[in-house]
Amino acid sequence: MSSIRVENLSIKFRIYHDRSPSLKDYFANFFKRNGQTAYSDFWAVKDVSFEIKAGDRLGIIGHNGAGKSTLLKALCRVYESSDGKISVNGRIAPLLEIGAGFHPEFTGRENIYLNGSILGYSKQQLKEIEPEVIAFAELEEFIDTPVKYYSTGMYMRLAFSLATAMHPDILVLDEIFAGGDATFMSKAKARMQALINKANIMIMVSHDPLLIKSLCNRVIWLDHGKLVADGSPDEIVERYLAGRKNE
Ligand SMILES: Nc1ncnc2c1ncn2[C@@H]1O[C@H](COP(=O)(O)OP(=O)(O)OP(=O)(O)O)[C@@H](O)[C@H]1O
């Protein structure tokens with residue numbers, strides 16, 4: 001059974017303050033400070049602990065810069081923890097930056113294989129899903145055209161179709177996909193719903209309280225990198241919205 005355990009997780013970014021305007025200034029400052037660089041550490045996630053069990057549909061809410069995306073990226077191993085530990089039991093499918101790995105000079109079909117391997121699909125799996133990926137994206141006519149000639153909608157359709165072609169164990173979403181025409185959007189929403197239903201665990205970040213309430217059965221609230229509440233979507237979303245009104 002899939003599960004995730006996050007224990008006292010902290011993630012730190014180093015912020016540099018001495019971006020010198022010229023090489024001359026850089027060396028002048030370098031000697032003045034005996035070669036020391038000015039920086040400060042910023043904790044985007046601070047001492048966060050929680051567990052996710054099979055069946056959990058977890059929404060993450062919080063103000064801008066609260067650390068939501070950083071936490072998601074840490075769960076997907078994009079960022080290493082600076083402190084604490086993440087243990088994952090199951091295969092994570094991150095839908096974080098759909099289409100980020102596409103190469104403009106390659107055709108749609110070539111990108112299915114290139115991006116598919118980045119998403120963790122095997123060559124055999126890609127061979128099997130290729131016709132369905134093309135059909136869902138409605139790109140039969142243009143699949144052998146380099147993607148640099150695609151419209152934004154075509155590009156998004158192919159990227160989404162590929163990223164969602166197989167049912168993942170643990171589905172991780174950073175804001176829900178938007179783009180493409182209305183017909184494709186309703187098809188995409190239905191597919192997303194099916195992926196969410198079939199996943200053992202779903203974790204998503206969103207600024208939309210209604211979406212969180214409709215898709216999640218549990219919510220955590222992050223504030224300045226700290227976990228301030230964990231509970232049912234109705235309760236936590238209401239508390240979060242009430243807190244924002246009083247700000
Ligand atoms: N690579 C990075 N280097 C330095 N600082 C970063 C980096 N990534 C994020 N941060 C900072 O960490 C903090 C948390 O960012 P994060 O994107 O996780 O917030 P968020 O809650 O997802 O915000 P939003 O709702 O605006 O997307 C922010 O202050 C951000 O500026």
Side-chain angles (χ1 to χ4, degrees), residues 4-21 36-52 56-88 92-101 118 156 159-160 163 170-179 192 196 201-216 218-233 235-247:
I4 298 177
R5 179 196 284 259
V6 176
E7 291 167 273
N8 307 104
L9 178 73
S10 295
I11 296 172
K12 173 176 78 175
F13 292 117
R14 187 147 283 185
I15 317 281
Y16 291 88
H17 302 294
D18 65 343
R19 289 278 154 84
S20 302
Q36 284 184 348
T37 315
Y39 63 76
S40 57
D41 286 337
F42 173 76
W43 295 89
V45 173
K46 189 79 187 123
D47 201 18
V48 166
S49 300
F50 59 95
E51 269 185 58
I52 313 176
D56 279 357
R57 270 88 187 88
L58 179 75
I60 306 176
I61 57 173
H63 62 82
N64 290 117
K68 305 179 296 293
S69 299
T70 305
L71 175 61
L72 272 199
K73 286 182 179 156
L75 293 176
C76 300
R77 307 280 183 215
V78 175
Y79 292 145
E80 271 185 48
S81 57
S82 311
D83 220 339
K85 197 169 132 191
I86 302 175
S87 324
V88 177
I92 293 194
L95 295 192
L96 298 183
E97 281 153 22
I98 291 178
I118 297 171
M156 284 306 293
F160 178 83
I170 303 172
L171 180 65
V172 178
L173 308 166
D174 196 353
E175 293 289 348
I176 246 160
F177 156 85
M192 212 58 178
I196 291 171
I201 288 175
M202 189 275 286
I203 308 165
M204 69 177 294
V205 163
S206 176
H207 286 280
D208 181 349
L210 289 179
L211 190 70
I212 291 263
K213 281 192 191 180
S214 69
L215 295 178
C216 303
R218 177 181 167 197
V219 169
I220 60 175
W221 170 10
L222 287 187
D223 188 60
H224 294 95
K226 293 196 173 145
L227 197 158
V228 291
D230 180 347
S232 76
E235 184 207 331
I236 307 298
V237 168
E238 290 318 315
R239 277 176 56 191
Y240 170 65
L241 293 177
R244 280 185 44 176
K245 266 189 217 139
N246 297 333
E247 268 171 15

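Counting starts at 1 for both ligands and their atoms, in listed order. The basis for the numbers below is simple: all heavy atoms, side chains too, and nothing from hydrogens, waters or symmetry mates.
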A44 N/O to ligand 1 N/O under 3.5 Å: no
Quick one: which ligand 1 atoms are inside 4.0 Å of a heavy atom on A66? 19 (O), 20 (P), 21 (O)
For ligand 1, is G67 a contact, meaning one of its heavy atoms is under 4.0 Å away? yes
What do you think, any protein heavy atom under 4.0 angstrom from atom 18 (O) of ligand 1? yes
Should D47 and K226 count as an ion pair when the cut-off is N to O under 4.0 Å? no
Hey, mind stepping through L211 and M204 against side-chain contact (heavy atoms from CB on, under 4.5 Å) and telling me if it holds? CA-CA 10 Å; L211 190 70; M204 69 177 294; 3.8 Å; yes
Can you name the atoms of ligand 1, numbered from 1 with element, that are less than 4.0 Å from a heavy atom of Y79? 1 (N), 8 (N)
Look only at the side chain of K68 and the backbone of G62, and say whether a donor-acceptor pair between them is shorter than 3.5 Å. yes
What's the shortest distance from atom 9 (C) of ligand 1 to any protein heavy atom, and which residue and atom give it? F13 CE1, 3.5 Å
Closest approach of any protein heavy atom to atom 26 (O) of ligand 1, naming residue and atom: N64 ND2, 2.9 Å
Option whose closest heavy atom lies nearest to atom 20 (P) of ligand 1, chosen from H224, K68, K73, H207: K68
So for atom CZ, which belongs to R77, do other residues, nucleotides or ligands contribute more than 12 heavy atoms lying within a distance under 6.0 Å? yes
Should the heavy atoms of other residues, nucleotides or ligands under 6.0 Å from NZ of K213 be counted, would the total exceed 12? yes
Measure the CG-CG distance between L215 and L58 for me, rounded to the nearest 0.5 Å. 12.5 Å
If the test is ring-ring contact (aromatic ring centres under 6.0 Å, His included), which one of F42, Y79, Y39 qualifies with F13? Y79
With a 3.5 Å distance limit and no angle check, can you tell me whether H207 reaches the backbone of N64 through a side-chain donor-acceptor pair? no
Looking at H63, which atoms of ligand 1 are within less than 4.0 Å of one of its heavy atoms? 21 (O)
Among protein heavy atoms, which sits nearest to atom 13 (C) of ligand 1, and what does the distance come to when rounded to 0.1 Å? F42 CE2, 3.5 Å
Taking only non-hydrogen atoms of T70 and a 4.0 Å limit, the atoms of ligand 1 in range are 14 (C), 15 (O), 16 (P), 18 (O)
Distance to 0.1 Å, residue and atom name: give those for the protein heavy atom nearest to atom 27 (O) of ligand 1. S69 OG, 4.1 Å
Closer than 4.0 Å and a protein heavy atom, does any atom meet both conditions relative to atom 30 (C) of ligand 1? no
Qualifying residues under salt bridge (Lys or Arg N to Asp or Glu O under 4.0 Å), relative to K46, sequence neighbours excluded: none
Does ligand 1 have a heavy atom under 4.0 Å from the side chain of W43, from its backbone, from both, or from neither? neither
When distances are taken from atom 23 (O) of ligand 1, the protein heavy atom at minimum range is G65 N, 2.8 Å
How long is the straight-line distance from CG of L227 back to CG of L9, given to the nearest 0.5 Å? 11.0 Å
